[in-house]
Amino acid sequence: MREKIVYIIGAGFSAPLGLPVMSNFLEKAKEMYFGQEEQFPYFKNVFDIIKTMSNCKNYYSADLFNIEEILSILEMNERFSNNSEENSFIKFIIDVINYYTPQVGTREFIKASNWNDFIFGNSQLFKS
């Protein structure tokens, strides 16, 4: 008889691997950029666009450290103007995720992907 297994994966499931999540995506991107500006020169333009978004905070509360809010503002801007930065943001997101994703089978991946410990509560993270 075959067992039926259901995986429930929520927000933050990738965090133990060291992948950026919505709340720290921008911080990780800046760490990546300032460590090797010559490899990702277009990041400066993306950061400049995000900086200009701070004007919206005069009208409503916005968390411009959260990539989801940044993308929402970008989408609104593109709907109401002829300015499109979609391609640079897509490349930006892909590059950041690829940079922080360890290769399957590498020591970093094996060390970071101890899902059994996290699922069953054996991790040091859960001990006081």
Side-chain angles (χ1 to χ4, degrees):
M1 184 169 124
R2 289 181 110 172
E3 285 187 49
K4 293 185 180 184
I5 299 173
V6 176
Y7 294 97
I8 300 173
I9 300 173
F13 185 76
S14 57
L17 265 178
L19 296 175
V21 294
M22 285 187 209
S23 62
N24 72 0
F25 194 94
L26 190 59
E27 179 184 333
K28 288 208 173 246
K30 286 182 178 183
E31 288 175 10
M32 175 181 153
Y33 172 69
F34 290 117
Q36 41 200 331
E37 293 177 41
E38 68 285 344
Q39 189 175 349
F40 305 100
Y42 76 95
F43 274 33
K44 182 182 180 329
N45 183 49
V46 170
F47 295 143
D48 288 344
I49 293 166
I50 294 168
K51 189 175 183 179
T52 63
M53 290 179 184
S54 66
N55 291 331
C56 75
K57 291 169 58 170
N58 292 333
Y59 302 98
Y60 73 96
S61 178
D63 179 2
L64 295 180
F65 294 105
N66 183 310
I67 192 68
E68 185 175 37
E69 287 200 40
I70 291 168
L71 294 175
S72 294
I73 294 168
L74 181 69
E75 182 178 358
M76 285 187 286
N77 184 43
E78 289 183 3
R79 285 184 183 249
F80 298 109
S81 72
N82 292 330
N83 188 7
S84 178
E85 300 292 344
E86 181 180 353
N87 290 335
S88 60
F89 271 83
I90 290 171
K91 182 170 175 29
F92 170 71
I93 290 169
I94 290 170
D95 283 345
V96 173
I97 291 171
N98 283 337
Y99 181 86
Y100 284 102
T101 303
Q103 295 296 316
V104 174
T106 63
R107 169 170 264 150
E108 290 80 21
F109 180 82
I110 293 167
K111 185 172 75 177
S113 62
N114 53 352
W115 299 115
N116 287 337
D117 288 345
F118 285 92
I119 292 170
F120 298 110
N122 295 329
S123 173
Q124 294 295 323
L125 294 174
F126 296 105
K127 295 180 181 177
S128 48

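Fair warning: this is a prediction, and the values are worked out from it, not measured in the lab.
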Asker: Give a yes or no on this: more than 12 heavy atoms of other residues, nucleotides or ligands lie within 6.0 Å of atom CZ of F65.
Answerer: no
Asker: Can you tell me how far the CE atom of M76 sits from the CG atom of L71, to the nearest 0.5 Å?
Answerer: 11.0 Å
Asker: Is the OH atom of Y60 crowded by more than 12 outside heavy atoms at less than 6.0 Å?
Answerer: yes
Asker: Pairs under 3.5 angstrom only: tabulate donor-acceptor contacts from the side chains of residues 88-98 to other protein residues two or more places apart or in another chain.
Answerer:
{"from": "S88", "atom 1": "OG", "to": "E85", "atom 2": "O", "distance (Å)": "2.9"}
{"from": "K91", "atom 1": "NZ", "to": "D95", "atom 2": "OD2", "distance (Å)": "3.3"}
{"from": "D95", "atom 1": "OD2", "to": "Y42", "atom 2": "OH", "distance (Å)": "2.5"}
{"from": "N98", "atom 1": "ND2", "to": "I94", "atom 2": "O", "distance (Å)": "3.4"}

Asker: Would you list the pairs meeting salt bridge (Lys or Arg N to Asp or Glu O under 4.0 Å) in which at least one residue belongs to residues 40-61, sequence neighbours left out?
Answerer: K44-D48
Asker: Apply side-chain contact (heavy atoms from CB on, under 4.5 Å) to L74 and M53, showing your working.
Answerer: CA-CA 8 Å; L74 181 69; M53 290 179 184; 3.9 Å; yes
Asker: Could you measure the distance from the CD1 atom of I50 to the CD atom of E69? Nearest 0.5 Å is fine.
Answerer: 12.0 Å
Asker: Please tabulate, for side-chain N and O atoms in residues 19-40, each donor-acceptor pair with protein atoms closer than 3.5 Å (sequence neighbours left out).
Answerer:
{"from": "N24", "atom 1": "OD1", "to": "V21", "atom 2": "N", "distance (Å)": "2.8"}
{"from": "K28", "atom 1": "NZ", "to": "G18", "atom 2": "O", "distance (Å)": "3.3"}
{"from": "Q36", "atom 1": "NE2", "to": "Y99", "atom 2": "OH", "distance (Å)": "2.9"}

Asker: Can you find a pair of side-chain heavy atoms, one from I73 and one from L64, that are under 4.5 Å apart?
Answerer: yes
